[in-house]
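To find a chain, count down the sequence lines: A is the first, B the second, and so on, and within it residues start at 1.
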2 protein chains.
Amino acid sequence: MNNYSKQREIILNVIKDMHTHPTAEEIYEKVHDVDEKISKSTVYRNINILVDNGKIRKISMPSGSDRYDYFHKIHNHIVCEKCGKVFDFNFEIPKELREVINSQLHNKITLTDNIKINGICNDCMDSSKIK
Amino acid sequence: MNNYSKQREIILNVIKDMHTHPTAEEIYEKVHDVDEKISKSTVYRNINILVDNGKIRKISMPSGSDRYDYFHKIHNHIVCEKCGKVFDFNFEIPKELREVINSQLHNKITLTDNIKINGICNDCMDSSKIK
DNA sequence: ATTAAATTAGGAATTATTCCTAATTTTAGA
DNA sequence: TCTAAAATTAGGAATAATTCCTAATTTAAT
């Protein structure tokens, strides 16, 4: 199979169990709890492999470390532009939007059902009002 | 007004004239052509200020440096997950999607009309077939 | 079993970005 | 216009996240 090292299996399972959109560092900490021999470079390397294999998704952040997410089911992310908090939402790109995009881009790209929408969360909205 | 330093004005104009989704480094290089006295820290600092002011947008990249874009008109981005190429497309979040999101998130976040959709561009798709 | 390929730990190196400081520029008010 | 306060700058040091390097080990394939 694809995950033939003990380390990779542990790393994948840790990510599978975390529902908090963890950073690589946070994943490393959990992995370390399971097996303290696993090095940080192994965690980073395997995270990248798992992203390439489509087992997990990377959420690029406007600032700070990127976050990762096990692909439990189709869902997408909304990220607060100010604090980076990540929210899940369920939405599949509808045919019409897919067609709009394909015609605008002359079919130059194949969508991967991975959408990130930005916003400003209520907490950040409130604190900017105070200023 | 908001842009009261000569440097910030030059930086904004440089970004305005670039239609290539440049990195901070690429912006710095152009700025340096205009005025070689402007330092890299000034470019980075002002890029962040311009993003905060909503004059330009940051496009968080899956790998490599983030990219920036002058906000000429409402548009959004599709990013190739493999090579990072950025494509523009014109699309405003339709009411229905906005409502779906708001109800799912219990109005916890205000959308900022800034969407990133991932995909795999034809070049990367072709080269992965060869493998 | 044997060999080749893949993976690992650990730490060094890299890269992008932010931070620091003293000097300069800009702004706002009298 | 003059002056004081606030904002900004250049330049380089510091930071933080991630990737790279290497020899040793593990896994896979025959």
Considering only [options], which nucleotide approaches the side chain of [X] most closely?
X      : options                   : result
R45(A) : dT9(D), dT17(C), dA9(C)   : dA9(C)
A24(B) : dA17(D), dT9(D), dT17(C)  : dT17(C)
S41(B) : dG12(D), dG10(C), dT17(C) : dG12(D)
K40(A) : dT17(C), dT18(D), dT8(D)  : dT18(D)
D66(B) : dT18(D), dT17(C), dA10(D) : dT17(C)

Query raised in the report: Just checking, any donor-acceptor pair under 3.5 angstrom between side chains of T112(B) and E81(A)?
Result: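 Yes, a side-chain donor-acceptor pair sits under 3.5 Å.
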Write down the distance between [atom1] ([X]) and [atom2] ([N]), rounded to a whole number of angstrom.
X      : N       : atom1 : atom2 : result
I47(B) : dT18(C) : CD1   : P     : 9 Å
R67(A) : dT18(D) : CZ    : P     : 11 Å
D35(B) : dG11(D) : CG    : P     : 10 Å
N48(B) : dA16(C) : CG    : P     : 16 Å
Y28(A) : dA16(D) : OH    : P     : 17 Å
E25(A) : dT18(D) : CD    : P     : 9 Å
E26(A) : dT18(D) : CD    : P     : 11 Å
K6(A)  : dT27(D) : NZ    : P     : 8 Å

Taking only the side-chain nitrogens and oxygens of [X], find out if one of them lies under 4.0 Å from OP1 or OP2 of [N].
X      : N       : value
Q7(B)  : dA10(D) : yes
Y44(B) : dT18(C) : no
N46(B) : dT8(D)  : no
S5(A)  : dT8(C)  : yes

Query raised in the report: Do the charged groups of K85(A) and D123(A) touch, with an N to O distance under 4.0 Å?
Result: yes
Query raised in the report: Is it true that D17(B) and K30(B) make a salt bridge, defined as a side-chain N closer than 4.0 Å to a carboxylate O?
Result: no
Report task. Begin with the C-alpha distance, continue with both residues' side-chain angles, and end with the deciding distance and a verdict on side-chain contact (heavy atoms from CB on, under 4.5 Å) for H75(A) and D69(A). Result -> CA-CA 10 Å; H75(A) 71 280; D69(A) 201 16; 2.8 Å; yes
Report task. Could you check whether the rings of H77(B) and H21(B) sit parallel, tilted or perpendicular, using 30° and 60° as the cut-offs? Result -> perpendicular
